[in-house]
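First up is the structure itself, then whatever we jot down about it.
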Amino acid sequence: MPAIVGVVQVISLGNSAVFNIGDVYRISPVSTAKTFSGAGSFNTGDGLTLYNNQSSTNTYDQDAVDQGNYLNA
């Protein structure tokens, strides 16, 4: 059944946003990311005490692609 849409005002869309008006079969946005972080990087809370005296993060990656984003599938 066709969609009937009235007035639409779009102020802004983000970099990976999807905006659709009306009928759609499938919307499947895809993105990939790689995050390097050291010890204690994602800790949250009040009054944390961390002791990472000799911590190092290896950021060398010998392969070019870990998870491909091919043909938006």
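Because the structure is a prediction, the values reported are computed rather than measured.
- Cluster membership for Tyr51 and Leu48, using ILVMFWY side-chain heavy atoms within less than 4.5 angstrom, is not shared.
- Applying the side chain to side chain donor-acceptor pair (under 3.5 Å) definition to pairs two or more places apart or across chains, those involving residues 34-46 are Lys34-Asp61, Lys34-Asp66.
- Grouped by direct or indirect side-chain proximity (heavy atoms under 4.5 Å, Ile/Leu/Val/Met/Phe/Trp/Tyr only), Phe19 sits with Val5, Val8, Val10, Leu13, Ile21.
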